[in-house]
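Here the structure is laid out as structure tokens; the discussion comes afterwards.
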Amino acid sequence: MLTVNAYAAPSATEPLEKTTIERRDVGPHDVLIEIKFAGICHSDIHTVRGDWGQRHYPLVPGHEIAGIVTAVGSEVTKHAVGDRVGVGCMVNSCGHCANCLKGNEQHCLEGNVGTYASLDRDGTLTQGGYSTHVVVAENFVVRIPDALALDVATPLLCAGITTYSPLRRWGVGPGKRVAVVGLGGLGHMAVKIAHALGAEVTVLSQSLKKQEDGLRLGADEYYATAEPETFERLKGTFDVILNTVSAPIDLNAYLGLLATEGAMVCVGAPAEPLPVNAFSLIGGSKTLSGSAIGGIRETQEMLDFCAEHGFGADIEVIPAERINDAYERVLASDVRYRFVIDAATFN
Ligand code: NAP
Ligand code: ZN
């Protein structure tokens, strides 16, 4: 066992604080990673605060992890000491069900093992990336291309793959009109990726406060959803709407913005249910769907895509003692556009 420094939530209502946790010994198929950066995803906040159900505490969040391999197990073939690597939202799965065999480990029929707050295959609870080191099965570790700096690559491990996967699945590319709802961590990656895929991109944000940024990130148009005329003007416009909002929104209003046979994909995961009127879908034969992160193979593909197109995330690097302030800023939609913790400050 390796005792390492970490930041944990002691309960759903207390601030995160410095602690130590145990990492398992490096097994034959494991790699030990010295974490360099850990991203703050809104899912960390939902989980810690019990939005998605009760959890065990202390809870170390963090499922956007970038670092360097410092040890490998005897059977490891994919990674070597010194490699620049990343870990996202999963650290294991059964490996033999139909979904795992297709590369969709996020849909493992036996349940994937989440990077934190999840029951590991050895019966222990997983603890996430707000920490100095982590031990992960080699099949759940991806390579960070040399063209990407580790800090800006970190948010790609969740925000990147969660937006890349549905944009690809729904055929986003040249000639397609795409709207991204919410310009936060996921939203800003969705704008960059959809633009790089060649689509015409519109941001639908609560206000015009971040308009200049949105256009710089690759959006062609930018509208405020607080203005009712936005929903009139854009009626029937989009082939795909990607909803990245962490709070409840009026899905019916957004479905009205879809073109005939258009699709709205929800990746935002608010605690509350969102009511949908069947007629919002029937008229125009529209689709409402969801999407969960992406598989490991697709995560590698997304990293290579971002490297090829020369972009990572727009980040604000913070020391560990600012995690609690960063949570408040994320909750206030004041993130530009992902907080990334410098793992050296966990010590
Ligand atoms: P984030 O950085 O906080 O971004 C969310 C954005 O939503 C905000 O920046 C804001 O954008 C908008 N927003 C927030 N509150 C709103 C409200 N009341 N009404 C309208 N818009 C609002 O969060 P994130 O890290 O990108 O995560 C977004 C959501 O995706 C979270 O629920 C997270 O748990 C979920 N998630 C899902 C998956 C998956 O696999 N499906 C993976 C990762 C995360 P504007 O200021 O531009 O309006
Ligand atoms: Zn996440």
Side-chain angles (χ1 to χ4, degrees), residues 38-53 61-65 86-90 104-107 112 114-117 128-130 154-167 169 179-193 202-214 217 219 222-227 230 242-251 253-254 265-272 274 289-295 298-299 302 313-316 326-340:
I40 294 180
C41 177
H42 204 121
S43 301
D44 300 348
I45 305 174
H46 287 306
T47 307
V48 162
R49 304 212 169 167
D51 288 357
W52 297 338
H63 59 205
E64 292 179 339
I65 300 170
V87 177
C89 302
M90 309 176 273
N104 290 325
E105 300 89 348
Q106 76 277 29
H107 301 310
N112 71 64
T115 304
Y116 59 81
Y130 296 6
T154 302
L156 303 182
L157 278 310
C158 173
I161 184 60
T162 302
T163 51
Y164 179 85
S165 183
L167 290 171
R169 187 175 325 116
V180 175
V181 190
L183 193 68
L186 267 57
H188 97 288
M189 286 313 308
V191 170
K192 289 186 185 212
I193 292 168
T202 298
V203 173
L204 302 174
S205 181
Q206 293 167 92
S207 72
L208 295 181
K209 269 194 287 196
K210 297 178 276 191
Q211 182 172 25
E212 215 174 285
D213 287 348
L217 294 167
Y222 200 107
Y223 293 94
T225 53
E227 292 166 13
T230 293
L242 187 65
N243 169 22
T244 76
V245 175
S246 47
I249 57 170
D250 179 2
L251 290 183
Y254 289 87
V265 189
C266 294
V267 289
E272 305 81 358
L274 307 179
S289 95
S291 190
I293 46 172
E298 195 176 34
T299 302
M302 174 276 310
D314 281 31
I315 59 168
E316 193 173 323
Y327 274 25
E328 294 312 316
R329 282 186 52 198
V330 171
L331 287 166
S333 302
D334 181 26
V335 51
R336 309 281 169 102
Y337 283 86
R338 200 57 143 183
F339 288 106
V340 169

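Each residue takes its place number in the sequence, starting with 1. Whatever order the structure lists ligands and atoms in, that order sets their numbers, starting from 1.
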Worksheet item: Side chain of Lys210, backbone of Ser205: donor and acceptor closer than 3.5 Å?
Response: no
Worksheet, complete the sentence: shortest atom 43 (C) of ligand 1-to-protein heavy-atom contact is with Cys158 SG, 3.3 Å
Discussion item. Give me the nearest non-hydrogen protein atom to atom 17 (C) of ligand 1 as residue plus atom name, then the distance to 0.1 Å.
Written reply: Gln206 OE1, 3.5 Å
Response to the item:
Smallest heavy-atom separation, Ala179 atom then Leu204 atom, equals CB-CD1, 3.8 Å
Worksheet item: Is Arg338 in contact with ligand 1, taking contact as a heavy-atom separation below 4.0 Å?
Response: yes
Worksheet item: N/O of Leu183 under 3.5 Å from N/O of ligand 1, yes or no?
Response: yes
Practice prompt. Kindly confirm whether the Zn ion (ligand 2) is within less than 2.8 Å of some N/O/S atom in Cys41?
Written response: yes
Worksheet, complete the sentence: Of Gly39, Pro248, Gly290, Ser43, the residue with the heavy atom nearest atom 33 (C) of ligand 1 is Ser43
Worksheet entry | Residue and atom name of the nearest protein heavy atom (relative to atom 41 (N) of ligand 1), distance in Å to one decimal | Ser291 O, 2.8 Å
Worksheet item: Considering only the protein, which heavy-atom contact is closest to atom 35 (C) of ligand 1, and what is its distance?
Response: Val267 O, 3.5 Å
Fill in: Sub-3.5 Å N/O-N/O distance, Leu186 and ligand 1
yes
Worksheet item: Which ligand 1 atoms, with their elements, are less than 4.0 angstrom from a heavy-atom of Gly185?
Response: 1 (P), 2 (O), 4 (O), 26 (O)
Item to complete: Mark up the atoms of ligand 1 that fall under 4.0 Å of a heavy atom belonging to Val335, in ascending order.
Response: 2 (O)
Worksheet item: Looking only at heavy atoms, which two atoms of Ala313 and Leu156 are closest? And how far apart?
Response: N-CD2, 4.4 Å
Fill in: Atoms in ligand 1 with a heavy atom of Lys210 nearer than 4.0 Å
9 (O), 11 (O), 45 (P), 46 (O), 47 (O)
Discussion item. Under 4.0 Å from a heavy atom of Ser205: which atoms of ligand 1 are those, numbered in the order shown and with their elements?
Written reply: 45 (P), 46 (O), 47 (O), 48 (O)
Discussion item. Could you check whether any side-chain heavy atom of Leu331 comes within less than 4.5 Å of a side-chain heavy atom of His42, counting everything from C-beta outward?
Written reply: yes
Discussion item. Would you compute the distance between atom CD1 of Ile65 and atom OH of Tyr116 and round it to the nearest 0.5 angstrom?
Written reply: 10.0 Å
Item to complete: Please state whether the separation between the Zn ion (ligand 2) and some N/O/S atom of His63 is under 2.8 Å?
Response: yes
Practice prompt. Please could you name the atoms of ligand 1 that His42 approaches to less than 4.0 Å, counting only its heavy atoms?
Written response: 1 (P), 3 (O), 23 (O), 24 (P), 25 (O), 27 (O), 31 (C)
Worksheet item: Counting N and O atoms only, with roles assigned by atom type, does the side chain of Glu64 sit under 3.5 Å from a partner on the main chain of Ala159, one being a donor and the other an acceptor?
Response: yes
Worksheet item: Does Gly182 offer a backbone N or O that forms a donor-acceptor pair with the side chain of Thr244 under 3.5 Å?
Response: yes
Worksheet item: Under 4.0 Å from any heavy atom of Gly268, which atoms of ligand 1 are there?
Response: 29 (C), 30 (O), 32 (O), 35 (C)
Discussion item. Return the closest protein heavy atom for atom 40 (O) of ligand 1 as residue, atom name and distance.
Written reply: Ile293 N, 2.8 Å
Worksheet entry | Thr244 neighbourhood, listing ligand 1 atoms whose heavy-atom distance to it stays under 4.0 Å | 5 (C), 28 (C), 29 (C)
Worksheet, complete the sentence: Here the gap from Lys192 atom NZ to Thr163 atom OG1, rounded to the nearest 0.5 Å, amounts to 11.0 Å
Item to complete: Do me a favour and list the nearest non-hydrogen protein atom to atom 31 (C) of ligand 1 with residue, atom name and distance?
Response: His46 NE2, 3.5 Å
Practice prompt. Could you walk me through whether His107 and Asn112 pass side chain to side chain contact (heavy atoms under 4.5 Å, CB included), step by step?
Written response: CA-CA 7 Å; His107 301 310; Asn112 71 64; over 6 Å; no
Fill in: Arg336 side chain reached by Asp314 side chain, heavy atoms, under 4.5 Å
no
Worksheet item: Of all the heavy atoms in Ala159, does at least one lie under 4.0 Å from an atom in ligand 1?
Response: no
Worksheet item: What protein heavy atom is closest to atom 4 (O) of ligand 1, reported as residue, atom name and distance in Å?
Response: Gly184 CA, 3.4 Å
Item to complete: For Val330, counting its heavy atoms only, list the atoms of ligand 1 lying under 4.0 Å from any of them.
Response: 3 (O)
Discussion item. Rounded at 0.5 Å granularity, tell me how far CG in Leu217 sits from NE2 in His188.
Written reply: 6.5 Å
Worksheet item: To the nearest 0.5 Å, what is the distance between OG1 (Thr230) and OH (Tyr254)?
Response: 9.0 Å
Fill in: Top protein contact for atom 38 (C) of ligand 1, by heavy-atom distance
Thr162 CG2, 3.5 Å
Worksheet item: Any idea which of Ser333, Ala226, Ala292, Ala247 brings a heavy atom closest to atom 18 (N) of ligand 1?
Response: Ala247
Worksheet entry | Nearest atoms (heavy-atom pairs only) where Leu251 meets Cys266 | CD2-SG, 4.1 Å
Item to complete: Work out whether the distance between some heavy atom of Trp52 and some atom of ligand 1 is less than 4.0 Å.
Response: yes
Discussion item. Let me confirm one number: the CH2-NE2 distance from Trp52 to His46, rounded to the nearest 0.5 Å.
Written reply: 5.0 Å
Practice prompt. Give, for atom CD of Gln106 and atom CE of Met90, the distance between the pair rounded to the nearest 0.5 Å.
Written response: 5.5 Å
